[in-house]
Amino acid sequence: MEGSDRGKNRAPESAGRGLAASHANGAADDSPPASRRVHDPSAEGPLGLKRQDGALIISIEREERRNALSQAALEAFGAVFRYHLAPDDRAVIITGSGARAFCAGADLKERRGMSLDEVRAQLLRYRTDLAWLSTCPVPTIAAINGATLGGGLELALLCDLRVAAPHASFALPETSLGIIPAAGGTQSLPRIVGSAKARELILLGSRVSAAEALRIGLIHRICDAAVSVVDDALTWIAPITRGAPLAQRAALRALRAADRLDIDAGLEFERACYEECLTSEDRIEALNAFAEKREPIFKGR
Ligand code: COA
């Protein structure tokens with residue numbers, strides 16, 4: 001998603017530079033100018049927002065439709081990136097409201113009334129308003145609190161890390177609805193679980209449990225039933241914040257490049273990412289802290 005897609009979707013770096021920069025760059029979208037919009041820091045459309053321990057937590061608040069992605073929800077995801085992601089955020093956590101579903105995919109009731117062109121436009125929104133997650137300058141975490149179906153699973157696949165509640169389940173049932181997973185699912189799933197498992201999940205529409213998802217590498221861990229999955233996800237923030245911010249960002253860029261580059265180009269890209277860290281103050285601070293037997297104090301420079 002980096003490289004050629006960066007210009008189209010929003011530069012991850014511009015988000016990292018903060019709200020002023022992201023307002024100023026004026027990338028194409030259908031939102032009114034920022035000056036005419038008021039952004040409630042606790043909500044954006046059907047998304048609830050809060051900050052805890054350095055993480056921006058985004059919750060899809062559509063429990064009555066099992067957190068299905070409506071047009072408004074997709075637009076709200078884009079607006080979160082444009083207006084709410086702050087330079088101090090060290091991670092983004094996405095979850096769903098209630099315990100039944102993380103996200104039941106596209107809002108099938110809304111879609112029933114949509115024209116072909118509206119469906120096409122909605123598909124593009126997955127590539128813009130949602131896909132920023134795969135270029136986000138900080139790690140993104142899916143805190144999976146229940147059923148994760150169709151576009152909901154594709155949303156989780158856009159994240160860097162996935163933790164699930166023990167009762168969560170996963171499926172891409174699109175072909176049974178006469179479509180295919182086209183919010184990136186046919187491309188990202190084989191990269192994550194391998195082509196054989198991806199074929200099984202997409203062609204058979206198989207629903208897998210959290211235990212099976214862990215076994216095949218679809219998720220990173222299952223939280224304890226007695227713990228909220230968001231609280232469990234928050235335990236990842238401490239190790240994330242122990243990393244120097246510039247190094248974390250460079251590591252993310254290099255890892256994501258591995259999904260789209262061949263090995264030679266990937267190694268070259270990795271070297272360029274290393275170079276960005278090499279000249280940073282934080283690298284010197286880490287060496288000094290090691291010599292002085294203390295914790296480094298990173299400044300993100
Ligand atoms: N779009 C719109 N509404 C949805 C929805 C979706 N993707 N998924 C669920 N809902 C609605 C249901 O229609 C129902 O509405 P109603 O109360 O007006 O009848 C409500 O959410 C609750 O659904 P229900 O099936 O009763 O909840 P559940 O907790 O027993 O099961 C799911 C939850 C997600 C497992 C189940 O709803 C389901 O399989 N949904 C279909 C999801 C799907 O096929 N997604 C792929 C999209 S490509």
Side-chain angles (χ1 to χ4, degrees), residues 45-48 58-78 94-131 133-134 142-159 162-190 192-193 197-214 218-219 222-223 225 228-230:
L47 304 181
I58 305 172
S59 172
I60 310 170
E61 298 290 337
R62 303 193 76 221
E63 193 178 351
E64 71 291 351
R65 291 205 181 179
R66 300 301 183 258
N67 303 317
L69 293 171
S70 59
Q71 187 78 1
L74 287 173
E75 287 174 25
F77 266 104
I94 298 177
T95 195
S97 58
R100 307 283 299 188
F102 169 71
C103 174
D107 187 323
L108 299 174
K109 291 176 179 166
E110 180 187 64
R111 187 164 283 183
R112 195 159 173 244
M114 289 167 87
S115 69
L116 286 181
D117 279 344
E118 283 169 337
V119 177
R120 287 186 185 109
Q122 190 179 42
L123 195 62
L124 284 178
R125 283 206 174 275
Y126 281 96
R127 301 256 169 90
T128 52
D129 288 341
L130 215 53
L133 286 166
S134 61
I144 298 166
N145 54 301
T148 301
L149 306 176
L153 179 49
E154 292 174 293
L155 166 62
L157 294 175
L158 285 169
C159 295
R162 287 169 287 281
V163 54
H167 67 277
S169 60
F170 304 81
L172 289 173
E174 276 89 344
T175 60
S176 69
L177 292 160
I179 52 173
I180 65 168
T186 64
Q187 305 304 300
S188 57
L189 192 64
I192 291 170
V193 300
K197 270 291 161 197
R199 278 164 171 72
E200 186 182 327
L201 283 167
I202 293 173
L203 298 178
L204 308 185
S206 322
R207 187 177 292 207
V208 299
S209 64
E212 176 67 357
L214 182 64
L218 185 58
I219 58 173
I222 299 173
C223 74
S228 106
V229 71
V230 170

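In listed order, ligands and their atoms are each counted from 1. Side chains included, hydrogens not; waters and symmetry mates left out as well; all remaining heavy atoms used.
- In this structure the side chain of Val163 never reaches within 4.5 angstrom of the side chain of Ile144, judged on heavy atoms.
- Of the protein's heavy atoms, Arg65 O, 3.8 Å lies nearest to atom 4 (C) of ligand 1.
- The two residues Leu172 and Ile202 come nearest to each other via the heavy atoms CD1-CG1, 3.7 Å.
- Atoms of ligand 1 lying under 4.0 Å from at least one heavy atom of Ala68, given by number and element, are 1 (N), 6 (C), 7 (N).
- Counting heavy atoms only, Lys109 comes closest to atom 18 (O) of ligand 1 of the residues Arg111, Glu64, Lys109.
- Using a 4.5 Å heavy-atom threshold, the side chains of Leu130 and Leu69 count as touching.
- Under 4.0 angstrom from ligand 1, the non-hydrogen atoms of Leu149 all belong to its side chain.
- Using a 4.0 Å cut-off between a side-chain N of Lys or Arg and a carboxylate O of Asp or Glu, Glu63 and Arg100 do not qualify as a salt bridge.
- For atom 31 (O) of ligand 1, the closest non-hydrogen atom on the protein side is Arg66 NE, 4.3 Å.
- Here the closest non-hydrogen pair linking Asn145 and Ala165 is CA-CB, 4.3 Å.
- Distances between N or O atoms of Pro173 and those of ligand 1 include no value under 3.5 Å.
- For atom 25 (O) of ligand 1, no protein non-hydrogen atom is found at a distance below 4.0 Å.
- Residues Phe102 and Ile94 form a side-chain contact, since some pair of their non-hydrogen atoms from C-beta on lies under 4.5 Å apart.
- Distance screen at 4.0 Å: atom 43 (C) of ligand 1 has a protein heavy-atom neighbour inside the cut-off.
- Protein heavy atoms come within 4.0 Å of atom 15 (O) of ligand 1.
- Residue contacts with ligand 1 for Glu110 are absent, since no atom lies close enough (heavy atoms, distance under 4.0 Å).
- If you look at Arg207 next to ligand 1, the close heavy atoms, those under 4.0 Å, all belong to the side chain.
- Using a distance-only test at 3.5 Å, with no hydrogens or angles considered, no donor-acceptor pair links the side chain of Thr175 to the main chain of Pro173.
- Using a 4.5 Å cut-off on side-chain heavy atoms (C-beta onward), Arg162 and Ile192 make contact.
- Here the protein heavy atom with the shortest distance to atom 1 (N) of ligand 1 is Leu108 N, 2.9 Å.
- Residues Gln71 and Met114 have side chains in contact (heavy-atom distance under 4.5 Å, counting atoms from C-beta outward).
- Of the candidates Gly150, Ala101, Gly96, Ala104, it is Ala104 that places a heavy atom closest to atom 45 (N) of ligand 1.
- Counting only heavy atoms from C-beta outward, the side chains of Leu189 and Pro181 never approach each other to under 4.5 Å.
- Considering only non-hydrogen protein atoms, atom 30 (O) of ligand 1 sits nearest to Arg100 NH2, 3.0 Å.
- Across the listed options Asp107, Leu69, Leu177, Asp107 owns the non-hydrogen atom lying nearest to atom 2 (C) of ligand 1.
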